[in-house]
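Just follow the structure's listing: the first ligand is 1, and inside any ligand the first atom is 1.
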Amino acid sequence: MNLLITGGAGFIGSHVVRLFVESYPHYHVFNLDKLTYAGNLQNLADVEGRENYTFLKGDITDAAYLESIFSEHRFGAVLHLAAESHVDRSIAGPMAFVQTNVIGTVNLLEACRRAWAGDFEGKLFYHVSTDEVYGSLGEEGLFTESTAYDPRSPYSASKAASDHFVRAWFHTYGLPVKLSNCSNNYGPNHFPEKLIPLAIHNIKEGRPVPVYGKGENVRDWLYVKDHARAIDAIFHRGRVGETYNVGGVNEWRNIDLIELLCDVMDERLGREQGASRKLITFVKDRAGHDARYAIDSSKLMSELGWAPSVTFEQGLRKTVDWYLENEQWLEEVTSGHYRDYYREQYEHR
Ligand code: NAD
Ligand code: TYD
């Protein structure tokens, strides 16, 4: 089967591409990616030469391009991860999120509908989404698959819209779809604009670690390879037309997480315990900052037998070690445009 994975040069996509290329030699994996600032083929350097892997540079907002690759490669399934993914960037410039996340997703749905021309037997469109579509929780409760959508940032609104379109194509046209909504991921290859890799980078450099507001916002963190394993399980064994929530059962207040990370970094860098905590700097809060996300993954766990394979402490140590061992990766992605982004985002906070 020819499998189209979109966004495979990004953080989660690269782990998904590697897992599918290595686990399913009878699939040919086509990785379609625009290579935005977040896409990096270095993430897949070890996969590049594999016989069952092909990279396609392209943009999902370009419907004609999609039509041409669908007719050339006759994909049997699509695993859709390509997106603009960073909340702060969506606040600074929402239109790219509308274009890629909404229009791009609808373009892909249409490309599948046309290419598969009503013969949906054995076909699949799998849409990877986020728990942020559910909005913000109070101190109690968890997001389940039936929680009403209540997106509050341009990013989450664009992902919510894309989820609605995917379900509409299932109900209206009978397109076989699956969806999953996952909590915050962390791990190797995470672009250092997101909290954990940004903090690792700054601690390493001895620079201030910016914590928004009072650091009391709560996120549910999942190791990226466990997300990739969940996607594999849902892709192969999940029920068509269904949504699965994916989460780490691992809630942390930002400030507690950053303090733990500082301590792990001190240990790994041979610094005196407590040294890196001095870098923590409280900065102006994010506009519309969601208070708490927490996921109920019991459907995925009971139906498909999935569970996280590492604890947070293990995953965080693996992540820190990866960043310390891959200095060149970090240097390359934090040169050039990254410096302008960082200045614009943090100078006035
Ligand atoms: P990422 O920003 O690291 O990667 C996105 C990839 O998509 C990049 O390689 C980029 O080049 C590509 N891309 C962007 N616009 C494109 C376009 N128009 N055409 C083709 N390719 C394009 O994102 P990520 O963190 O790996 O997230 C992947 C998916 O998982 C997204 O759909 C995101 O909403 C979802 N998700 C992410 C998280 C998280 O914590 N990172 C959690 C839950 C769900
Ligand atoms: P982020 O990694 O951007 O993920 P998301 O907004 O999708 O949850 O942010 C995680 C949490 O960390 C969120 O509550 C915002 C906060 N945060 C900071 O405190 N400082 C930072 O520099 C960043 C990027 C995020």
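Protein heavy atom nearest atom 28 (C) of ligand 1, with residue, atom name and distance: Leu81 O, 3.4 Å. Closest protein heavy atom to atom 26 (O) of ligand 1: Ile12 N, 2.8 Å. In terms of protein heavy-atom proximity, atom 32 (O) of ligand 1 is nearest to Lys159 NZ, 2.7 Å. Looking only at protein heavy atoms, the nearest one to atom 3 (O) of ligand 2 is Arg286 NH2, 3.0 Å. Closest to atom 4 (O) of ligand 1 among all protein heavy atoms lies Gly10 CA, 3.4 Å. Looking only at protein heavy atoms, the nearest one to atom 43 (C) of ligand 1 is Cys182 O, 3.2 Å. Protein heavy atom nearest atom 40 (O) of ligand 1, with residue, atom name and distance: Asn185 N, 2.9 Å. For atom 21 (N) of ligand 1, the nearest protein heavy atom (residue, atom name, distance) is Lys34 N, 3.1 Å. The protein non-hydrogen atom at the shortest distance from atom 19 (O) of ligand 2 is Tyr212 N, 2.8 Å. The nearest protein atom to atom 25 (O) of ligand 1, hydrogens excluded, is given as Phe11 CD2, 3.7 Å; this is a heavy-atom distance.
Every atom of ligand 2 with a heavy atom of His86 under 4.0 Å away is listed here by number and element: 3 (O). Listed by atom number, the atoms of ligand 2 under 4.0 Å from Tyr346 heavy atoms are 21 (C), 22 (O), 23 (C), 24 (C). Under a 4.0 Å criterion applied to the non-hydrogen atoms of Pro210, ligand 2 contributes the atoms 18 (C), 19 (O), 20 (N), 21 (C), 22 (O). With ligand atoms numbered from 1 in the order given, ligand 2 contributes 24 (C) to contacts under 4.0 Å with heavy atoms of Glu193. Near Leu198, with a cut-off below 4.0 Å to any heavy atom, the atoms of ligand 2 are 22 (O). Atom numbering of ligand 1 starts at 1 in the shown order; those under 4.0 Å from a heavy atom of Gly39 are 8 (C), 9 (O), 11 (O). Every atom of ligand 2 with a heavy atom of Asn254 under 4.0 Å away is listed here by number and element: 11 (C), 12 (O), 13 (C), 14 (O), 16 (C). Within the listing of ligand 2, atoms 2 (O) sit less than 4.0 angstrom from a heavy atom of Lys194. Taking every non-hydrogen atom of Asn184 and a distance limit under 4.0 Å, the qualifying atoms of ligand 1 come out as 40 (O). Every atom of ligand 2 is numbered from 1 in the order shown, and the set under 4.0 Å from a heavy atom of Val211 is 19 (O).
Arg292 pairs in a salt bridge (Lys or Arg N to Asp or Glu O under 4.0 Å) with only one of the listed residues (Glu132, Glu139, Glu251), which is Glu251.
Among Ser14, Ser158, Ser129, the residue whose heavy atom sits closest to atom 44 (C) of ligand 1 is Ser129. Distances from atom 5 (C) of ligand 1 to the heavy atoms of Gly7, Ser85, Ala83 show the closest one on Ala83. For the residues Arg292, Glu132, Glu216, His289, the heavy atom positioned nearest atom 13 (C) of ligand 2 is part of His289. When the options Val87, Ile280, Leu195 are ranked by their closest heavy atom to atom 2 (O) of ligand 2, first place goes to Leu195.
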Please report the C-alpha distance between Asp163 and Asn181 in whole Å, then the side-chain angles of each, then the deciding distance to 0.1 Å, and finally whether the side chain to side chain donor-acceptor pair (under 3.5 Å) criterion is met.
CA-CA 9 Å; Asp163 293 9; Asn181 294 80; 3.1 Å; yes
After noting the C-alpha distance and the side-chain angles of Trp252 and Asp220, does the key distance pass the side chain to side chain donor-acceptor pair (under 3.5 Å) rule?
CA-CA 6 Å; Trp252 286 80; Asp220 176 355; over 6 Å; no
Under the criterion side chain to side chain donor-acceptor pair (under 3.5 Å), I'd like the reasoning laid out for Ser309 against Asp226: C-alpha separation, chi angles, the key distance, then a yes or no.
CA-CA 6 Å; Ser309 69; Asp226 281 331; 2.8 Å; yes
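No donor-acceptor contact under 3.5 angstrom links the side chains of Ser183 and Arg219, judged on distance only. Neither side chain, Ser156 nor Tyr149, offers a donor N or O lying under 3.5 Å from an acceptor on the other. With hydrogens and angles left out, the side-chain atoms of His227 and Asn185 include a donor and acceptor closer than 3.5 Å.
By the 3.5 Å distance cut-off applied to N or O atoms, Glu84 is not counted among the residues near ligand 1. Close N/O approach between Asp59 and ligand 1 is found [any backbone or side-chain N/O within under 3.5 Å]. Residue contacts with ligand 1: Thr100 is placed with a nitrogen or oxygen under 3.5 Å of a nitrogen or oxygen of the ligand (distance criterion only). When only interatomic distances are considered, the shortest N/O to N/O separation between His190 and ligand 1 does not fall below 3.5 Å. Geometrically, ligand 1 and Asp33 share a nitrogen or oxygen pair separated by less than 3.5 Å. Residue contacts with ligand 1: Thr36 is placed with a nitrogen or oxygen under 3.5 Å of a nitrogen or oxygen of the ligand (distance criterion only). Checked by distance only, ligand 2 and Arg219 come closer than 3.5 Å through their nitrogen or oxygen atoms. Of the polar atoms of Leu32, none of the N or O atoms is found under 3.5 Å from an N or O of ligand 1, judged by distance alone. Note: an N/O pair closer than 3.5 Å links Tyr155 and ligand 1 by distance alone.
Geometric assessment of Arg207 against the ring of Tyr342 yields a positive cation-pi assignment under the 6.0 Å and 45° thresholds. The cationic group of Arg229 does not satisfy the cation-pi geometry with Tyr223, failing either the under 6.0 Å distance to the six-membered ring centre or the 45° limit from the ring axis. At least one test fails for Arg286 against the ring of Tyr212: distance under 6.0 Å to the centre or angle within 45° of the axis. For the pair Lys299 and Tyr244, the cation-pi criterion (under 6.0 Å, within 45° of the ring axis) is fulfilled.
Nearest heavy-atom pair across Asn101 and Ser162 is O-CB, 3.2 Å. Scanning all heavy atoms of the two residues, the minimum distance from Phe97 to Ser85 falls at CE2-N, 3.9 Å.
Contacts between Thr6 and ligand 1 below 4.0 angstrom, taking non-hydrogen atoms only, are absent altogether. Under 4.0 angstrom from ligand 1, there are no non-hydrogen atoms of Gln99. The residue Tyr293 has no part lying near ligand 1, judged by heavy-atom distances below 4.0 Å. Looking at Asn184 against ligand 2, only its side chain comes within 4.0 Å, counting heavy atoms.
With contacts defined as side-chain heavy-atom distances shorter than 4.5 Å, the pair Glu267/Gln273 qualifies.
Aromatic ring centres of Tyr341 and Tyr37: separated by at least 6.0 Å. With ring centers used as reference points, His236 lies under 6.0 Å from Phe20.
For Glu313, the CD atom counts as densely surrounded, since its 6.0 Å shell holds more than 12 non-hydrogen atoms of other residues, nucleotides or ligands. A 6.0 Å sphere centred on CZ of Phe165 holds no more than 12 heavy atoms belonging to other residues, nucleotides or ligands.
Ionic pairing of Asp285 and Arg349 is not present here: no N-O contact between side-chain nitrogen and carboxylate oxygen is shorter than 4.0 angstrom. Salt-bridge formation is detected for the pair Glu303/Arg239: a Lys NZ or Arg NE/NH1/NH2 atom is positioned less than 4.0 Å from an Asp or Glu carboxylate oxygen.
Rounding to the nearest 0.5 Å gives a distance of 6.5 Å between CG of Leu32 and CG of Leu66.
Within the structure, ligand 2 lacks Gln345 among the residues with a heavy atom less than 4.0 angstrom away.
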